[in-house]
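Let me begin by presenting the structure, written as structure tokens, before commenting on it.
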Amino acid sequence: MKANKFFAIALAALTVGFVACKKDEPQADKLSLNKTEVTIAVGETAQLTANLDVTWASSNEAVATVDAGLVKGIAAGEANITAKAGDQTAVCKVTVKEGGVTPPAEIPEIKVDDNSLADWDALPAEFVASAVCPENAALLGLKSVKVYATEMYISILVEPNMEDITDLSWVPFHVYIDLDNSDETGGYNDEHTDANCDILCETGLWSEGEPCVYNPGVYRWWGEVGTTGWDYWMEPGVTHDASDFWGAIIGDGQLPVGNSQYVDGKFEIQLLRELLATVPASGFTMNNEEFGIGFDIQQSWNSVGILPIGEDTEENPGGHVAKMKVKINK
Ligand SMILES: [Ca+2]
Ligand SMILES: [Ca+2]
């Protein structure tokens, strides 16, 4: 037993000796901070902590203040926050940026089965692309549209102008998409100035007087670049059935994760992004950063509204403009 005890003490001494010899090991009484650099927006705070009792000071209180280690951004600029304990000091460099530069960590999803537009209202403005019809547009049938894209969905909130939508027996609504954000693919449609549409979703918003589920046929571009030439997903001439071109929309019993919905005079529509580009026959790759999108609404198969649209002027009669650019939030 004695021998074992001695061995244990010797081992402990050896271990202590070994630790003491490691020069890089921080000493318990050496002042250190949890952060040596931090970036915050104006109005934001960041908490600094020290391993010792310290007094705090800011080199520039017009940029950042500090109280018990809590740093607050006052104005854009740089400041050093100094912690002092006895004769030791430690510094954290603080960079303060203009407000709104810190994106929320979470990318929310729109719900299209909640009978509510509150989810749209809650989206940070910088996440959403939007277009509003000017008062002097040539066509006034679409008032406004918002588009919000995530890695999963393209969510659309569109408001028709009921003064121009008078025949609710069948109201076609088209979504034109430049999937790859490239003018080298896709073709012409007469609603927008950029001839680069790769796919077209087509169905109605109302049918026989009732708002209906937006459950489109999906057509792809088969023509020469910049010319006309729409057809189903399947190659032209190939016999197709409904399953060849469904799929971009979710809901209506196709996938149990959403729907299109008529709420407060607006339609919430959700397209499943991957299905737009992964249908085998499509041949398109969807750009993972940005895409282009445009819309029209019709009466008796004539457009009465287009978005985006510009002012109707002598230089640009009809106010035709390029499709909206939408970035994918992730
Ligand atoms: Ca909703
Ligand atoms: Ca294209």
Side-chain angles (χ1 to χ4, degrees), residues 106-125 127-130 144-150 152-159 174-201 205 211 213-214 218-231 233 248-252 255-274 276-279 281-295 308 321-329:
E106 209 171 296
I107 303 296
E109 289 293 1
I110 290 293
K111 282 198 170 69
V112 192
D113 55 0
D114 59 352
N115 250 312
S116 167
L117 304 181
D119 41 1
W120 286 93
D121 296 338
L123 288 177
F127 282 16
V128 182
S130 58
S144 67
V145 68
K146 290 182 179 180
V147 184
Y148 171 61
T150 65
M152 185 80 79
Y153 301 123
I154 299 171
S155 297
I156 298 162
L157 181 65
V158 63
E159 182 178 22
H174 293 121
V175 179
Y176 304 94
I177 304 180
D178 173 21
L179 276 182
D180 55 7
N181 195 31
S182 167
D183 293 342
E184 304 297 312
T185 62
Y188 173 83
N189 74 293
D190 56 4
E191 314 291 19
H192 302 102
T193 54
D194 47 342
N196 54 21
C197 282
D198 304 316
I199 65 166
L200 161 62
C201 301
L205 295 182
V213 171
Y214 186 74
V218 183
Y219 299 80
R220 71 149 281 184
W221 191 261
W222 291 102
E224 293 293 311
V225 171
T227 66
T228 57
W230 294 102
D231 210 329
W233 280 115
I249 194 74
I250 56 176
D252 197 27
L255 287 171
V257 283
N259 220 321
S260 67
Q261 202 161 52
Y262 185 55
V263 187
D264 296 341
K266 299 178 184 180
F267 284 87
E268 281 186 286
I269 295 169
Q270 203 160 50
L271 305 177
L272 194 54
R273 198 165 71 83
E274 63 174 354
L276 295 174
T278 56
V279 173
S282 79
F284 294 116
T285 306
M286 187 159 194
N287 187 296
N288 205 35
E289 303 296 326
E290 194 177 55
F291 61 94
I293 195 164
F295 309 90
V321 296
K323 289 183 283 297
M324 305 164 64
K325 294 286 187 193
V326 181
K327 81 176 163 75
I328 294 161
N329 295 288

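Counting convention: from 1, in listed order, for ligands and their atoms alike.
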### Query
At the Ca ion (ligand 1), what is the angle formed between atom O of K111 and atom OD1 of D114, rounded to the nearest 10°?
80°
### Query
Mind checking whether the Ca ion (ligand 2) has an N, O or S of N181 under 3.0 Å?
no
### Message
Is there a side-chain contact between Y153 and L272 in this structure, where contact means two heavy atoms from C-beta onward sitting under 4.5 Å apart?
### Response
yes
### Query
Can you tell if the side chain of V145 reaches within under 4.5 Å of the side chain of I293, non-hydrogen atoms only?
no
### Message
Using 3.0 Å as the threshold, say whether any N, O or S atom from E184 sits that close to the Ca ion (ligand 2).
### Response
no
### Query
With E184, which residues qualify under salt bridge (Lys or Arg N to Asp or Glu O under 4.0 Å), at least two apart?
none
### Message
So, 3.0 Å as the limit: is an N/O/S atom of Q261 located closer than that to the Ca ion (ligand 1)?
### Response
no
### Query
Can an N, O or S atom be found in D183 less than 3.0 Å away from the Ca ion (ligand 2)?
no
### Message
Test side-chain contact (heavy atoms from CB on, under 4.5 Å) on F291 and D198; report intermediate values, then the result.
### Response
CA-CA 11 Å; F291 61 94; D198 304 316; over 6 Å; no
### Query
Quick one: angle E268 OE2 - the Ca ion (ligand 1) - D119 OD2, to the nearest 10°?
100°
### Query
Can you tell me if an N/O/S atom from I110 lies under 3.0 Å from the Ca ion (ligand 1)?
no
### Task
Determine whether Y148 and I110 make a side-chain contact, defined as any pair of heavy atoms from C-beta on separated by less than 4.5 Å.
yes
### Query
If you stand at the Ca ion (ligand 2) and look out to O of N196 and OD1 of D180, what angle do those two lines make, to 10°?
140°
### Query
Taking both backbone and side chain into account, is any N, O or S atom of D113 nearer than 3.0 Å to the Ca ion (ligand 1)?
no
### Query
Rounded to 10°, how many degrees is the angle O/S182-the Ca ion (ligand 2)-OG1/T185?
90°
### Message
Looking only at N, O or S atoms, which one in D178 sits nearest to the Ca ion (ligand 2)?
### Response
OD1
### Side-chain heavy-atom pair L200, Y176 within 4.5 angstrom cut-off
yes
### Summary
Taken in chain and number order and not counting sequence neighbours, the residues that satisfy salt bridge (Lys or Arg N to Asp or Glu O under 4.0 Å) with D194 are K323
### Task
Show the numbers, then the answer: is there a side-chain contact (heavy atoms from CB on, under 4.5 Å) between D119 and E268?
CA-CA 11 Å; D119 41 1; E268 281 186 286; 3.7 Å; yes
